[in-house]
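As C-alpha cells, the structure follows; a few thoughts come after it.
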Amino acid sequence: MREELAKRYEPASFEERLYKKWEVEGYFTPVEDPERPKFSIVIPPPNVTGRLHIGHALVNTLQDIIVRWKRMSGFNTLWVPGTDHAGIATQMVVERNLASKGINRLEMGRDAFVEKVWEWKEQHSTEIKDQLTRLGASCDWTRERFTLDDRLSRAVRYVFVKLYEDGLIYRGIAMINWCPQCRTAISDVEVEFDEKQSKLWHIAYPVEGTDRRLTVATTRPETMLGDTAVAVHPDDARYKDLIGKFAILPIVNRRIPIIGDAELVDPEFGTGVVKVTPAHDKNDYETGKRHNLEQIQVIGEDGRMTAAAGAEFETLDRFEARNKVVERLRDDGFLVKIEDYVNNVGSHGKCGTIIEPMVSRQWFVKIEPLARPAIEAVRSGAVQIVPQSWEATYFNWMENIHDWTISRQLWWGHRIPAFHCPNGHTTVTMAEPTDCPQCGAPVEQETDVLDTWFSSGLWPFSTLGWPDETPDYKIFYPTDTLITGFDILFFWVARMIMFGLRFTGKAPFSQVFLNGLVRDEQGRKMSKTIGNVIDPLDVVNEVGADALRFTLAVSCSGRDIPLGKSRIQGYSAFVNKIWNASRFALMHIDVELKDAEPIERENLRTVERWILSRLNSTVAEVNKQLSVFRYDEASTALYKFFWHEFCDWYIEMAKPVLLGKHGTDGDRSLAKRVLLEVLDGSLRLLHPFMPFVTEEIWQKLGGVEPSIMIAPYPISEEVLEDPEAERLMTAVKAIITTVRNVRAERGFTPKDRFRLFISGVDARESAFFTDSAYLLIELARLTEVIVGGEPPAGTHKDVVEGVHIAVEFPEKEISPEQIERTRREIEKSRAELAGLDAKLANEQFLRNAPPQIVAGAQARQAELRERLEKLQQNQ
RNA sequence: AGUCCCCUAGCUCAGUUGGUUAGAGCGCCACCUUGACACGGUGGAGGUCAGCGGUUCGAGUCCGCUGGGGACUACCA
C-alpha cells in the first residue's frame, strides 16, 4: 500500500510548503536549453501603493495559467515580476500617511520625502510579492524589477535623450490639464469625465456706447473675471454689426472686444454669444491664439483665485469664487437667469479633484510619429488584441491622439534629464553635465519628473536589460503575450507598442489579452461603500488558492467577471471532489507512475477505452481553448470531464472490478492502471488552474519528474479516440439514466430491483451488453439483464440511443402524475416528429441541406417513431 | 455626439463559420447517510433565446429597426 492522502482537504496545510519548494528548486527560473522554444511574459507591474485586490488576483491567475501551461508544454518559460513606482498615486498615499502623523511634505524637503517613499516602497513590494506567492504565481523572483531601479532608469533616460534628439520630445507652453490638489500637470487619459448636474448661468455684458447687452451663458461664472473677449458667429444677423465693437465686462469693468469666430461659436446654441477666457478653457485658448487675445490667469495652481481676479476674490477657492461672482452679478443686475444643466466635468482619476485647464510650460511627446506604426502593427496582425472588439477602441483612440504631456510637478519619479543654465540653454544628454556646453555657465537639473507611464511603457524590454544587448534581452524579447485589464489599454498597452516599435524595432508582444473587470454577483463594481469587496487573501485563507483561481478562470470569458461567495463555494466543492476522488483512486492504485507499464489497448474493455477517449478529447479541448484565451471553456471542459465523466461514471463503473466483485485479476490490474493513467492526466491538465492541490496529490503518484509543474502537459493523440466505445457507453449511460428515471417516476425507491430486457441490437452489441450487464445491474440497480428476444408483456418499454429496453415492474397502480407525465412526453415527441416529417417532406430542404443533416433528421425520425410506439404501449 | 458591447432558466453566464431535442453553475423540489466525497449521490421542475421585420429549405446564431442596460472616446459655451 502506498501513502494515503489526508482524509480532509486542507489547503492551508500544504500550499505554502509547496510554493517554497518550487521556488527553492528553481522551477520558476528559465532553464539553459537552446533547444527549447522560449515563452516570455511580463507582469503588469502593480503599483507599490498598497495591497493587491481581486483584480490583481484575476490578472495574475490568468497569467500563471498560461505560464504554467507553456512551461509544462516544453517552453523555456520566463515570467518577469515587478512593481511600478506609480508617481502620483504613491506620492499621494505617502503624503497622506505623513499628514496623519502631522508631517508636511514641503517642510521635509524633496530628498527626505523621497527617502520616505522608498521606505514605503520596500515594505509594499515585499507585501505584494507575498500575495502573489499565496496565489501560486510562478514568476521568476530572481528577475524581479522595479520601474525606478538603476537599470530601468537608465533605459528611461536613454529613451528621453533619443526622443529629444529626434525632435519628438519638446518643451513648450500649452493648455494642459492641471490638478490643483496634486499640483501637477496630468495627461489627457488621466482625466475622467463624469456627467454632473450643474447650472447654466446667463450673464448680460453691456455693449460699450449703446444700451444693448449681450447675454452669454456659462457653466463656470468665476472664469468671467479672466474674460478677454466676447465672441459671436460672424454670419449671425443678430450680432454681426457688433463685431469690432467692445463690451464692458461686469464686475471688473474691463473693455473687451467683440469678435466674430465661426469655429468657437455655434449660433444655434444658447444665445449665440460666448464669453472667451483664453487662460482657463481649451477652446477659448485656441480662440485667443487666433485673435491675439490677452490671457489673464485668474485661477492659480492651488485652485485659488489670483490677484488678477481682483482684490474682492483673491485667495478664494475657485468654487467659493463662483458663488461670490454670481452673487455680485445678481446684485449688480447682470444675472439674467439660471438654468439647470447637465454637463461633463473632468476630474483627476487618481484623486477625484476637478481639473483646471491651465496654460503652462511642460514637456511633451510628439505622438503622431509614434502612433502611426503602432496602428499599423495592430492592423497588420503583428499585434493581436483579444477579444478583437477592443481593436476598434484602440484605433479610434490612436487615430485621434494628442501630444502626450509627460512632465509632472512631483518629487517621486524619474527626474527629467534636462539641464538648464541661467542663460536659457537646455542640455539633454546621457552624460551628466555640470556646465552648459553652449555658454559654460553652471547648469541645474529640471525639477519635474516623468509621467509614470513613460517608464512602464518600456517595461517589456527595460526589465530584460535593454538598452544593453543582454542575454535575457536576446533570448526573451520580444515577449509573447501580454495579459492585462482593458482599463489600461491607452495608459500602458498602446505606449508599450509605440515605444517598443520605435526603440527595438519590434512589437513588444504578439498577443494582448484584455481581461474584464471583476464585479460582484449582481454585476456591480466592487466598492468599499457598497461593501461588496472581496479580498483575495481572505478567500485564499478560507478555501485555498486553487478554488479562487479556478473560480476566476471559469468565470473569464473575455467580458466582465461576476464573482460572488456562492460561486467560489461552488468551485471549492470541485477542489474537494478532486481531493476525494484522488483519495479513492490512491486506495486502489498499486503501481508508481515511473514503474507503470504502457497500457496495452487491445486488452482494454470498452469502459476503459471510453474514459481514455474522453480524457483525450478533454486534452484536445483544453489545449485548444487555452491557446485562444478561453479560460472559461478550458476550465469548464475539465470540470465536466473530471466530475461528470470520471467521478460520476468511470469510478462508479470501475468499482465492481476494483472491489473484486466482477472480472478477473487481470481485469482488476488493468482497471488500476487505467485509473492511474486518468488521474495522472487529469492532474496534469488541471495543474495550471490548480497548482497546489494537483501537486500535493501528484506527489503520491510516484512520477518520474520531481514536480508536476515540470512534468509534460498532455497532448491529444489520435490513437486514443474511440468513437465506437463512446457510442456504446453513451447507450449504457442513457439506459441507466432511463431506468433510474422511470423507477423514480413510478414511485419505487432505489432499493427496489427489477429485471431489464434489451433487444433491437445486432450481434456485436448483443455481446457487448451481455458483457456489460454487470454495469447495468450495479448502476441501475437491477436483478438481471436479459439481452435478446422479446420482452414480456406488461413491461415498461422505451427506445434509448437506438436500443430497445423494457423494465419489468411489479404490479403497482400508476399515479395520475405519472399518467400525465407520460402523456406530456408523448405529446412532445409527437410534436417533434411532426416537425421532422414536414421538414423531410420539403424538397427544398432535401436539396439544399448538407447530406449529414438530412441523414441525421431521418435517423431521428425513425427513432422517434419507434419510441412513440413503445411509449404508447406503456399507457 | 461617435464607436463598441450586452439583453438566453429565479440569479450569474456559455452557446466559435446558421443545421437534429437551447446548455452549465448556483438556487429550488423529491428521494437517498450506497465502503472517496453530505463541499456527496439520484431524479425532477423551470426558457414563445428583449420586441418587430427581413434573408434562408432552416435563425438564439446573419441583416435592419425599436426598446432597455453598459463601456469607451470626444465634448457644446
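Every chain is numbered from 1, with letters handed out A, B, ... down the list of sequences.
- For A:Lys751, no side-chain nitrogen or oxygen approaches OP1 or OP2 of B:U34 to under 4.0 Å.
- For the pair A:Asp546 (side chain) and A:Val693 (backbone), a donor-acceptor distance under 3.5 Å is present.
- When the shell of 6.0 Å around CD of A:Glu263 is examined, it contains 12 or fewer heavy atoms from other residues, nucleotides or ligands.
- The main-chain N or O of A:Phe491 is found under 3.5 Å from a side-chain atom of A:Arg495 such that the two form a donor-acceptor pair.
- With sequence neighbours excluded, no residue forms a side-chain hydrogen bond (donor to acceptor under 3.5 Å, both in side chains) with A:Asn842.
- By the side-chain hydrogen bond (donor to acceptor under 3.5 Å, both in side chains) test, A:Trp698 is found to be paired with A:Asp680, residues two or more places apart in sequence or in another chain being considered.
- Other residues, nucleotides and ligands contribute only 12 or fewer heavy atoms inside 6.0 Å of the CD atom of A:Glu843.
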Using distance only, find each side-chain donor-acceptor pair of residues 563-572 of chain A under 3.5 Å and give its atom names and separation, not counting sequence neighbours.
residue, atom, partner, partner atom, Å
A:Ser566, OG, A:Glu521, OE2, 2.5
A:Arg567, NE, A:Ser555, OG, 3.1
A:Ser572, OG, A:Gln569, O, 2.9

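- Nucleic acid contact for A:Tyr639: sugar-phosphate only, since backbone atoms but no base atoms lie under 4.0 Å from a heavy atom of the residue.
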Please convert RNA chain B into dot-bracket. A pair counts if it is Watson-Crick or G-U wobble with both distances under 3.5 Å; crossing pairs go in [ ] and bases paired with another strand get |.
(((((((..((((.....[...)))).(((((.......))))).....(((((..]....))))))))))))....
All N/O contacts under 3.5 Å from nucleotides 13-17 of chain B to the protein, with atom names and distances to one decimal?
residue, atom, partner, partner atom, Å
B:A14, OP1, A:Ser557, OG, 3.0
B:A14, OP1, A:Arg559, NH2, 2.8
B:A14, OP2, A:Arg559, NH2, 2.8
B:A14, O3', A:Arg630, NH2, 3.3
B:A14, O2', A:Glu633, OE2, 2.9
B:G15, OP1, A:Arg630, NH1, 3.0
B:G15, OP1, A:Arg630, NH2, 3.2

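- Taking the ring-ring contact (aromatic ring centres under 6.0 Å, His included) definition, one finds that A:Phe646 meets it with A:Phe642, sequence neighbours left out.
- Applying the ring-ring contact (aromatic ring centres under 6.0 Å, His included) criterion to A:Trp649, with sequence neighbours excluded, gives no partner residue.
- Within a 6.0 Å radius of NZ in A:Lys828, no more than 12 heavy atoms belonging to other residues, nucleotides or ligands are found.
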Salt bridge (Lys or Arg N to Asp or Glu O under 4.0 Å), that's the test. Do A:Asp837 and A:Arg865 meet it? Break it down for me.
CA-CA 10 Å; A:Asp837 287 343; A:Arg865 278 188 184 145; 3.4 Å; yes
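- Positionally, the nearest nucleotide of RNA chain B for A:Glu652 lies more toward the 5' end than for the other of A:Glu652 and A:Asn396.
- Partners of A:His662 by ring-ring contact (aromatic ring centres under 6.0 Å, His included), not counting sequence neighbours, listed by chain and number: A:Tyr774.
- Open room surrounds CZ on A:Arg8; 12 or fewer heavy atoms of other groups in view lie less than 6.0 Å from it.
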Encode nucleotides 40-45 of chain B as B, S and - characters from 5' to 3', where the letter depends on protein heavy atoms closer than 4.0 Å: B to the base, S only to sugar-phosphate, - to neither.
SSSSS-
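- Proximity of residues 854-868 of chain A to RNA chain B (heavy atom under 4.0 angstrom from any strand atom) is restricted to A:Gly856, A:Arg860.
- A donor-acceptor pair is defined here as one N or O able to donate and one able to accept, closer than 3.5 Å; such a pair exists between the side chain of A:Arg238 and the backbone of A:Pro267.
- Of the residues in residues 275-286 of chain A, those with a non-hydrogen atom less than 4.0 angstrom from any atom of RNA chain B are A:Lys282, A:Asn283.
- Using a 4.0 Å cutoff on non-hydrogen atoms, the parts of residues 655-662 of chain A near RNA chain B are A:Lys655, ordered by number.
- Under the 6.0 Å distance and 45° angle rule, A:Arg379 counts as a cation-pi partner of A:Phe395.
- A:Thr215 and A:Lys337 form no side-chain donor-acceptor contact under 3.5 Å, judged by distance and modelled atom types alone.
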